[in-house]
Protein chains: 2
Amino acid sequence: MEKTKKPSSRDVAREAGVSQATVSYVLNNVPGVKIKEETREAVLAAARKLNYYPNEIARSMRLKKAMSIGVVSDKDLSNFRLMKILEGIKDALLPKNYSITLCFDKQNGPIEQAESVRYYRSNRIEGIIFVYTELREEDYRYLHEHKVPFVVINSHQNQSLSNQVQNDMEQALITALLSLKNAGKEEVAFLGLQDRSPLDRRFRGYLKALAACGLPAEERLCMRAPGKAEEIEEYLEAYYAEHQRLPAAILCESAGIGFRLLRFAARKGVTVPEQLSVIAIGSSRFSTLSYPALSTIENPLYEMGYTGCQLLFNLIEGKPAQSIITLEWRFVPRESS
Amino acid sequence: MEKTKKPSSRDVAREAGVSQATVSYVLNNVPGVKIKEETREAVLAAARKLNYYPNEIARSMRLKKAMSIGVVSDKDLSNFRLMKILEGIKDALLPKNYSITLCFDKQNGPIEQAESVRYYRSNRIEGIIFVYTELREEDYRYLHEHKVPFVVINSHQNQSLSNQVQNDMEQALITALLSLKNAGKEEVAFLGLQDRSPLDRRFRGYLKALAACGLPAEERLCMRAPGKAEEIEEYLEAYYAEHQRLPAAILCESAGIGFRLLRFAARKGVTVPEQLSVIAIGSSRFSTLSYPALSTIENPLYEMGYTGCQLLFNLIEGKPAQSIITLEWRFVPRESS
DNA sequence: CTGAAAGCGCTAACAT
DNA sequence: ATGTTAGCGCTTTCAG
């Protein structure tokens, strides 16, 4: 692929018979600089004739702005989440002509060696959006100390840390439980994994919503499986063997777990939603494709991306801004409840 | 976020008591340039002391290399595909220290106005990877004419066009059909959409594999639904009403359609795989989460990304390279067949 | 209203 | 073995 030399603003200037400065003025519509209509036309014509497009790298260099922001995700995140969030980020970026640089941070190493942070130090990006389940506290500290503009978009964070797009699922949770209650299902269990501190918030939300709805909270209804999500069907098997039945309704910690519960119910011949109502917390592009379609409580992914990005720009531009933003989840009933 | 001025190579030079050139030499390990161990140490020490990291923008500018490639996807693509491909691209990029710039092209407009192409013209990226179901022929022409380094990664393309990572599913298809035949299912239908020229290849592959396996091809077995994927259950309803039964085995055009067929079967009380075997063409992260888990014929997404990226680099660097690469699909049996 | 000139941070001849 | 120097393509004072 031979490099056909691209014209520079200098070439355009020569072609139009003006100076380079003038070219810059008209092409950027620099405010406060008046250009005679005649010269402006000449420049535009020359640019078109030569097929000129400004070199963004040179521009970046001069302006000392990378014109790009980095987006990182820990790989465990469902792709659906990330893509939806990316769409939101992109739309927020569009009017600014910024681009998205995808970063792939290794999860284990110290954050100062993460690709995203290296990119920032090298001026390749102006800020970082972490789409993480959880950013370690030491990483927060590091980023703050080094004045790296960043925001964290997540749905699991327990504490209210700064630079964060948070979300509130309490109301949606109550709406969901109420719909169960109205359907006569007074016995609502929670199914999740034991060792998942990032998702604890969901369990606590469940407990809180239970109380708000006047529903009983019993030990038997807290189904916390040991091990990994892949093994949850074994847990259900054991639970079923012990209790000889499933609760009337089960709220699942994640969509993945919801699907597995659906699998289990189908295997056991438990009909959903007649004998068992299932609702999962979290979005999935598969929700409408399972049988029955999975009712979910969804986080506003697109909006999280959009606002997160705006937050980041406020940080980059040093504008005063509230550094924690909260968005609402919503209950989307489908066939399984 | 106040900009704490970052040190430049000049600062490092001053600190180490050497020239800027020397700094560049040691930091880049320029081949053919010998530096006294002593000075090298001094430079390294100074860099560490000042917390110096080279400004990649300036470097890009000088080198006339953007150090980034653009990746575009038409939004209809399942996210799973894209993410897997991105991982492959990333790994191919890693040793080169190139980054990924995500581009979002509008699907309808002319390609010369697409973001990816604009980024290329502006020197923000050095080449483009299109993860497209189909790139229009006029777009191919445009890209070639303007000498834009690009490759297309897709699984649907009918014709053998250049700069493409292709794939061959014939063998995998035969393996799948054979496994059906061995299970006594001699009647294998194809379920897909009518108006989907990009996916026609799959249908033709089915026909070919059928012949190769000595299986009959009947009109009744070609289930081509009108309308969109969302409406396929209605089509199945009609088909069922007309024939009073489903074929013994059905090969689905895509994973999404496979899931919908599973839904339909569950609703009708048709047991899978006993009464009906289901196999879908395409990868999905939900294959293991449906009930029963969906057997699929999967394309080598990661490898497609990886090789696609290498192909692109050959183009960028002007190396001679075969411009069409073919990778093999593979059959992954699960519970539904 | 427009031009001349400086310089962003880096690399690579070319000198020494 | 290292230093000098000249730009890369752009924006932006500062003059005119």
Side-chain angles (χ1 to χ4, degrees), chain A residues 3-44 46-47 50-67 97 119-124 126, chain B residues 3-44 46-47 50-67 97 119-124 126:
Chain A
K3 293 240 185 308
T4 28
K5 178 126 171 41
K6 296 176 183 174
S8 74
S9 75
R10 200 201 185 87
D11 299 322
V12 177
R14 191 160 25 222
E15 175 74 26
V18 298
S19 81
Q20 237 188 69
T22 310
V23 173
S24 175
Y25 292 145
V26 330
L27 259 33
N28 295 316
N29 272 313
V30 182
V33 177
K34 303 259 162 273
I35 301 285
K36 222 193 306 174
E37 194 49 33
E38 202 177 309
T39 17
R40 139 174 266 100
E41 299 280 295
V43 170
L44 260 19
L50 298 184
N51 224 296
Y52 168 75
Y53 294 93
N55 182 328
E56 287 281 347
I57 301 259
R59 198 153 186 277
S60 277
M61 159 132 185
R62 179 65 233 243
L63 263 22
K64 291 170 164 304
K65 297 164 120 217
M67 300 301 284
N97 193 28
Y119 278 8
Y120 174 74
R121 280 194 308 240
S122 312
N123 298 56
R124 280 158 94 125
E126 288 177 45
Chain B
K3 293 242 188 303
T4 28
K5 179 126 169 39
K6 296 177 185 173
S8 74
S9 74
R10 199 201 186 87
D11 299 323
V12 177
R14 192 161 22 222
E15 175 74 27
V18 298
S19 82
Q20 239 188 94
T22 310
V23 173
S24 175
Y25 292 145
V26 329
L27 261 32
N28 295 317
N29 271 313
V30 182
V33 177
K34 303 260 163 272
I35 301 283
K36 222 191 309 175
E37 195 48 33
E38 201 177 309
T39 21
R40 142 174 263 101
E41 299 280 296
V43 170
L44 260 19
L50 298 183
N51 224 297
Y52 168 75
Y53 294 93
N55 183 329
E56 288 281 348
I57 301 261
R59 198 154 187 277
S60 277
M61 160 133 185
R62 181 63 234 243
L63 262 21
K64 289 171 164 303
K65 295 162 122 221
M67 301 301 284
N97 193 28
Y119 278 9
Y120 174 74
R121 280 194 309 240
S122 313
N123 298 55
R124 282 159 93 126
E126 289 176 45

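It should be emphasised that the depicted structure is a prediction, and the values quoted were computed from it without experimental measurement. Below, chains carry the letters A, B, ... as their sequence lines are ordered, and counting in each starts from 1.
- At the phosphate of C:dG3, OP1 or OP2 sits under 4.0 Å from a side-chain N or O atom of A:Thr22.
- Per the geometry, CD1 belonging to A:Ile35 stands 14 Å off P belonging to D:dT12, to the nearest Å.
- As a whole-Å value, the separation of A:Leu50 CG from D:dG9 P is 14 Å.
- Comparing B:Met61 and B:Val18 against DNA chain D, the residue whose closest nucleotide sits nearer the 5' end is B:Val18.
- Across C:dG9, C:dT2, C:dC10, the shortest atom-to-atom separation from the side chain of A:Thr39 is found for C:dT2.
- Note that CG of B:Asn123 and NZ of A:Lys6 are 4.0 Å apart. Values are rounded to the nearest 0.5 Å.
- The side chain of B:Pro54 lies closest to C:dC10 when the candidates are C:dC10, C:dG9, D:dG9.
- Contact between A:Glu56 and A:Asn97 at its shortest, heavy atoms only, is OE2-ND2, 3.8 Å.
- Within the nucleic acid shown, A:Ile57 has no heavy atom closer than 4.0 Å to any nucleic acid atom.
- In this structure, the side chain of B:Gln20 does not engage the main chain of B:Ala13 through any donor-acceptor pair within 3.5 Å.
- Computed from coordinates, the B:Met67 CE to C:dC10 P distance equals 14 Å when rounded to whole Å.
- No donor-acceptor pair under 3.5 Å is formed between the side chain of B:Arg59 and the backbone N or O of B:Met67.
- For C:dC8, neither phosphate oxygen OP1 nor OP2 lies less than 4.0 angstrom from any side-chain nitrogen or oxygen of A:Lys65.
- Taking 4.0 angstrom as the limit, A:Tyr52 places a side-chain polar atom (N or O) nearer than this to OP1 or OP2 of D:dC10.
- In this model, the phosphate group of C:dC10 is approached by a side-chain N or O of B:Ser9 to a distance below 4.0 Å at OP1 or OP2.
- Rounded to a whole Å, the NZ atom of B:Lys34 is 12 Å from the P atom of D:dT2.
- The distance between atom CD of B:Gln20 and atom P of C:dG9, rounded to the nearest whole Å, is 10 Å.
- Residues from residues 24-32 of chain A lying near DNA chain C, meaning a heavy-atom separation below 4.0 Å, are A:Tyr25 in numerical order.
- For the pair B:Asn55 CG and D:dC8 P, the computed distance is 18 Å after rounding to whole Å.
- Rounding to whole angstrom units, CG of residue A:Asn123 and P of C:dC10 are separated by 8 Å.
- To the nearest 0.5 Å, atom OG of residue B:Ser9 and atom CD of residue B:Glu15 are 13.5 Å apart.
- Side-chain N or O atoms of A:Ser122 include none that pairs as donor or acceptor with a backbone N or O of B:Asn55 at under 3.5 Å.
- Contact annotation: A:Lys64 side-chain N/O to C:dG9 OP1/OP2 distance is under 4.0 Å.
- Proximity note for A:Lys36 (side chain, C-beta onward) versus C:dT2, C:dG9, D:dT2: the nearest is C:dT2.
- Listed nucleotides D:dC10, D:dC8, C:dA4 differ in distance to A:Arg59; the shortest reach to its side chain belongs to D:dC10.
- Nearest nucleotide to the side chain of B:Val33, out of C:dA4, D:dT2, D:dG9: D:dT2.
- In this structure, of D:dC10, D:dT11, C:dC10, it is C:dC10 that holds the atom nearest to the side chain of B:Ala58.
- Remark: P of D:dC10 and OH of A:Tyr53 are 14 Å apart, rounded to the nearest angstrom.
- Atom CG of A:Leu50 and atom OG of A:Ser8 lie 9.0 Å apart (nearest 0.5 Å).
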Exercise answer: donor-acceptor pairs, residues 29-44 of chain B side-chain atoms, under 3.5 Å, sequence neighbours excluded:
| residue | atom | partner | partner atom | Å |
| --- | --- | --- | --- | --- |
| B:Asn29 | OD1 | B:Arg40 | NH2 | 2.8 |
| B:Thr39 | OG1 | B:Lys36 | O | 2.8 |

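- Comparing atom distances between the B:Ser8 side chain and each of C:dC10, C:dA6, D:dC8 picks out C:dC10 as nearest.
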